[in-house]
2 protein chains.
Amino acid sequence: MQQLDKLDYKILEMMQVNNTVSQRDIGEAIGLSAPAVQRRITRLRETGVIRQDISIIDPEYLGSPITIVVQVEMETDKVTIINETKERFRKTPQVQQCYYVTGEVDFMLIIMVFTMKEYEALTHELFFNNPGIKRFKSSISMDIVKYGLAFPMPK
Amino acid sequence: MQQLDKLDYKILEMMQVNNTVSQRDIGEAIGLSAPAVQRRITRLRETGVIRQDISIIDPEYLGSPITIVVQVEMETDKVTIINETKERFRKTPQVQQCYYVTGEVDFMLIIMVFTMKEYEALTHELFFNNPGIKRFKSSISMDIVKYGLAFPMPK
DNA sequence: TGGTATTTTGCAATTTTGTTTCATTTTTGA
DNA sequence: TCAAAAATGAAACAAAATTGCAAAATACCA
């Protein structure tokens with residue numbers, strides 16, 4: 001993907017908040033025709049700038065969701081162990097996000113489950129059954145103050 | 001919103017991964033006509049089960065994004081102070097997510113910036129200029145292992 | 001259990017949106 | 001300055017979403 005211009009930024013800015021706006025409306029907002037907008041969106045998707053298009057679901061309507069921020073400390077820095085662990089986290093559906101971080105701990109996880117029983121089982125699966133893991137600390141969320149993936153466009 | 005049924009779950013399951021699939025395709029996958037799917041989606045949106053529809057953008061294409069997990073500890077538990085702080089986090093565009101958590105710290109933030117200068121300025125704005133905040137700890141992400149908001153449907 | 005009211009559904013028609021074509025304009029690079 | 005490449009808008013086209021309506025399924029109550 002060659003350099004993005006200001007029009008691309010504006011399109012991304014709109015779509016990272018609402019990707020159901022029509023190309024006509026986007027075009028009107030930024031001063032382009034619908035086909036021009038459509039070509040840009042297609043290219044943004046093909047090149048991976050737009051990585052995914054999703055609905056954000058409010059889990060409150062599906063039960064009593066429990067969000068937990070988990071800090072994971074590893075025994076070792078061995079690349080193979082780290083990579084295996086990453087792969088396991090990636091494949092676990094309850095893990096919404098996983099960051100490999102600097103500092104005292106190695107991983108930060110955002111996990112969502114619907115019961116504590118489910119979380120307990122998950123900790124066994126993810127942590128206790130994994131010899132590479134030294135310890136983990138769970139912080140339970142009492143309030144999801146902000147929830148999204150949007151960020152300000154640079155410059 | 002009255003009780004969701006299995007068909008709603010399936011629709012949500014599909015759309016939380018890709019909300020550009022056509023209603024016809026969804027209908028085919030779950031055994032409903034396109035209009036039936038459309039009515040369900042409309043209701044899911046109106047009632048807030050589907051909270052938002054967005055494009056996920058890969059910030060790598062816009063510069064050198066820096067993701068930071070920040071743990072924030074407050075001086076006090078006073079509700080007004082806590083609420084003001086929540087509101088500030090909510091309104092800050094660089095804050096992607098904010099969880100109010102149990103344990104040693106009070107808030108967990110996922111922050112994205114494009115330069116350390118920007119982060120430094122942000123810490124002043126959010127933390128140093130806020131007397132309610134006792135201390136904060138930044139963990140810089142070296143690798144975003146997993147990145148999303150999807151979760152497994154219950155049951 | 002039987003009957004009625006309510007809701008949900010599919011089909012067909014309509015409307016809106018997305019996509020393609022093509023000639024023109026703009027930008028790029030030599 | 002000029003030629004090649006890229007991007008654009010208008011119009012035509014295709015596909016998707018939406019609406020109206022009658023039939024089927026479900027829920028409710030006597």
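Side chains included, hydrogens not; waters and symmetry mates left out as well; all remaining heavy atoms used. If you're wondering where the values come from, they're calculated on a predicted model, not measured in any experiment. Lettering follows sequence order; numbering is per chain, from 1.
Between the CG atom of B/Asn19 and the P atom of C/dG18 there is a distance of 12 Å, rounded to whole Å. In this entry the distance linking CD1 of B/Ile26 with C1' of D/dA16 reads 12 Å, nearest Å. For the pair B/Asn18 CG and D/dA16 P, the computed distance is 13 Å after rounding to whole Å. At whole-Å resolution of the value, CG in B/Leu32 and P in C/dT7 are 18 Å apart. Atom CE of B/Met15 and atom P of D/dA16 are 15 Å apart (whole Å). Rounded to whole Å, atom C1' of C/dG18 lies 16 Å from atom CG of A/Leu44. Atom pair B/Gln3:CD and C/dT7:P shows a separation of 17 Å (rounding to whole Å applied). Straight-line distance from the CD atom of B/Glu28 to the P atom of D/dA17: 13 Å, rounded to whole Å.
One hydrophobic cluster holds both B/Ile56 and A/Met14 under the rule that ILVMFWY side chains link at heavy-atom gaps under 4.5 Å. The same ILVMFWY cluster, assembled from side-chain heavy atoms under 4.5 Å apart, contains both A/Tyr9 and B/Phe114.
The A/Arg24 side chain lies nearest to C/dG18 when the options are C/dG18, D/dA16, D/dT18. Distance from the side chain of B/Gln38 is smallest to D/dA17 among C/dG18, D/dA11, D/dA17. Each of C/dT8, C/dA12, C/dT19 was ranked by its minimum atom distance to the side chain of A/Pro35; first place goes to C/dT19. With distances taken from any side-chain atom of A/Ala36 to the nucleotides D/dA7, D/dT18, D/dG9, the minimum falls on D/dG9.
B/Arg135 pairs in a side chain to side chain donor-acceptor pair (under 3.5 Å) with only one of the listed residues (B/Glu73, B/Gln71, B/Glu75), which is B/Glu73.
The 5' end of DNA chain C is approached more closely, in terms of each residue's nearest nucleotide, by B/Asp5 than by the other of B/Asp5 and A/Arg45.
Between D/dT18 and B/Gln23, a contact under 4.0 Å exists linking OP1 or OP2 to a side-chain N or O.
For the pair B/Val101 and B/Phe107, the minimum side-chain heavy-atom distance is 4.5 Å or more. With a 4.5 Å cut-off on side-chain heavy atoms, B/Lys146 and A/Phe89 do not count as touching.
For a distance-only test at 3.5 Å, the side chain of A/Arg39 qualifies as a donor-acceptor partner of the base of D/dG9.
Backbone-only engagement by A/Ser22 is indicated by non-hydrogen atom pairs under 4.0 Å involving sugar-phosphate atoms exclusively.
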